[in-house]
Enquirer: 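Submitted below is the structure of interest, expressed as structure tokens.
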2 protein chains.
Amino acid sequence: MTSTERETATEMRPTRQRTAVARALDSFTDFRSAQEIHALLGQRGEKVGLATVYRTLQRMAESGDVDALRTEDGEALWRRCSATHHHHLVCRSCGAAVEVEGPAVERWTRTIAEEHGFAEVSHTLEIFGSCRDCTSASAAGS
Amino acid sequence: MTSTERETATEMRPTRQRTAVARALDSFTDFRSAQEIHALLGQRGEKVGLATVYRTLQRMAESGDVDALRTEDGEALWRRCSATHHHHLVCRSCGAAVEVEGPAVERWTRTIAEEHGFAEVSHTLEIFGSCRDCTSASAAGS
DNA sequence: ACCCGCAGTGAGAACGATTGTCAAAACTCC
DNA sequence: GGAGTTTTGACAATCGTTCTCACTGCGGGT
């Protein structure tokens, strides 16, 4: 059993379900939950099991095709992303997201970690705020 | 170091349970789950309901007495923290944590957010790695 | 001290997101 | 077409966390 631990590049069979999930991901740019994506597929008449949506999302995240983040209350949100390392500027109200890069931050985290003797460093960084639209909308509302 | 309150929560009654949780938090410096903390209390003979542990941790987080973060799989981890704004360098294996500050990062996030028209900016940043002890331990082990 | 009102507590039920199960369906390659 | 995998899907099972609600105990009058 222990020998089965092969680092296979995972052959992803192109099934109807996976294509559907991939296309769904292309249709929006904000972060959404697996359940929302599942519902979206349902509305489109694409019948894909919830478990399959979760499985597909996970595999796509592993292969770097989608980004995942956790809300304050622990729910996972997903979104298609570019291949390069980056972080997000996310709107608290509408979920709109912008990919941002910060070379200086990358450098800083590595330095700090080394100073403290930490190896194999990785990090998570998300910036939350209220986007222009939501800010003016709430200002007008009240 | 008995007197603590002053400007915080209006009425936080000092009960046996809350004192127990507070003391438990003082007994370790790494991030732990609510359930682990509950178990720790149990071992010490302090009988505190699980729900109470959760409630207490939440309130302490709101008043800034503890920091909370989510693991990759969505579980919440807690730890007593200092009052100033800071981030963490956390060991993936043993949970050891170091508080770090990065004025430059704070500035950077605010700038980036403003550039994109985002208001009321906040952010999360955690650095993960393998601490010195865990790194040498695993090197020796295998 | 005694009473009272209400914040606080605990046991267990409820919840909700996610994962596991496993027989049936879909792919690939031959 | 057929064998051998991989994938799927309906549904059960997990598991951390929150809710419910009757009961407890802190604290401020009196």
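A, B, ... follow the sequence lines: proteins, then strands. Residue 1 opens every chain.
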Enquirer: Counting heavy atoms not belonging to E72(B), are there more than 12 under 6.0 Å from its CD?
Expert: no
Enquirer: Rounded to the Å, how far apart are L57(A) CG and dT8(D) P?
Expert: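 Rounded to whole Å, this separation is 12 Å.
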Enquirer: Closest approach of L125(A) and W108(B), non-hydrogen atoms and distance?
Expert: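 It is CD2-CZ3, 3.7 Å.
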Enquirer: Apply side-chain contact (heavy atoms from CB on, under 4.5 Å) to T124(B) and list each qualifying residue two or more places apart in sequence or on a separate chain.
Expert: E126(A), F128(A)
Enquirer: Could you give me the CA-CA distance, side-chain angles and deciding distance for T52(B) and R55(B), then say whether side chain to side chain donor-acceptor pair (under 3.5 Å) is met?
Expert: CA-CA 5 Å; T52(B) 300; R55(B) 282 186 291 238; 3.3 Å; yes
Enquirer: Taking DNA chain C as the partner, which of residues 36-50 of chain B come within under 4.0 angstrom of it by heavy atom?
Expert: K47(B), V48(B), G49(B)
Enquirer: So, H123(B) versus H87(A), ring centres under 6.0 angstrom or not?
Expert: no
Enquirer: According to salt bridge (Lys or Arg N to Asp or Glu O under 4.0 Å), who are the partners of R32(B), at least two apart in sequence or on a separate chain?
Expert: D30(B)
Enquirer: Measure from the side chain of R18(A), starting at C-beta and using heavy atoms only, and say which of dT8(D), dT18(C), dA7(C) lies closest.
Expert: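 Taking heavy atoms from C-beta onward, the closest nucleotide is dT8(D).
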Enquirer: Show the distances under 3.5 angstrom between N or O atoms of the protein and N or O atoms of nucleotides 21-30 of chain C.
Expert:
{"residue": "dC27(C)", "atom": "O2", "partner": "R13(A)", "partner atom": "NH1", "Å": "3.3"}

Enquirer: dC15(C) P sits how many Å from Y54(B) OH, rounded?
Expert: 18 Å
Enquirer: Could you give the CE-to-C1' distance, from M12(A) to dT8(D), as a whole number of Å?
Expert: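 Going from M12(A) (CE) to dT8(D) (C1'), I get 14 Å.
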Enquirer: May I have the distance from R70(A) (atom CZ) to dG16(D) (atom P), rounded to whole angstrom?
Expert: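 These atoms are roughly 13 Å apart.
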Enquirer: Quickly work out the R59(A) CZ to dT7(D) C1' distance and round it to whole Å.
Expert: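 The distance from CZ of R59(A) to C1' of dT7(D) comes to 9 Å, rounded to the nearest Å.
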Enquirer: Could you pick out which residue, A34(B) or T56(A), lies toward the 5' side of DNA chain D when each is mapped onto its nearest nucleotide?
Expert: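 Closest to the 5' end, via its nearest nucleotide, is T56(A).
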Enquirer: Are the ring centres of Y54(A) and H38(A) closer than 6.0 Å?
Expert: no
Enquirer: Could you check how far CG of D73(B) sits from P of dT14(D), rounded to whole Å?
Expert: 17 Å
Enquirer: What's the verdict on side chain to side chain donor-acceptor pair (under 3.5 Å) for T29(B) and R80(B), showing C-alpha distance, side-chain angles and the deciding distance?
Expert: CA-CA 7 Å; T29(B) 61; R80(B) 178 140 255 166; over 6 Å; no
Enquirer: Round to the nearest Å and state the distance from Q58(B) atom CD to dG8(C) atom P.
Expert: 13 Å
Enquirer: Restricting to side-chain contact (heavy atoms from CB on, under 4.5 Å), what partner residues turn up for V121(A), sequence neighbours left out?
Expert: A113(A), I127(B)
Enquirer: For salt bridge (Lys or Arg N to Asp or Glu O under 4.0 Å), just list the numbers for E75(B) and R70(A), CA-CA rounded to whole Å, side-chain angles, deciding distance to a tenth of an Å, and then say yes or no.
Expert: CA-CA 10 Å; E75(B) 192 182 21; R70(A) 295 265 171 192; over 6 Å; no
Enquirer: Rounded to whole angstroms, how far apart are CD on Q35(B) and C1' on dT18(D)?
Expert: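 Rounding to the nearest Å, CD of Q35(B) and C1' of dT18(D) are 12 Å apart.
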Enquirer: To 10°, what angle do the rotation axes through the five end pairs on each side of the helix from dA1(C)-dT30(D) to dC30(C)-dG1(D) form?
Expert: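 That helix gives 30° between its end axes.
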Enquirer: Just wondering, are more than 12 heavy atoms of other shown residues or ligands nearer than 6.0 Å to CZ in R44(B)?
Expert: yes
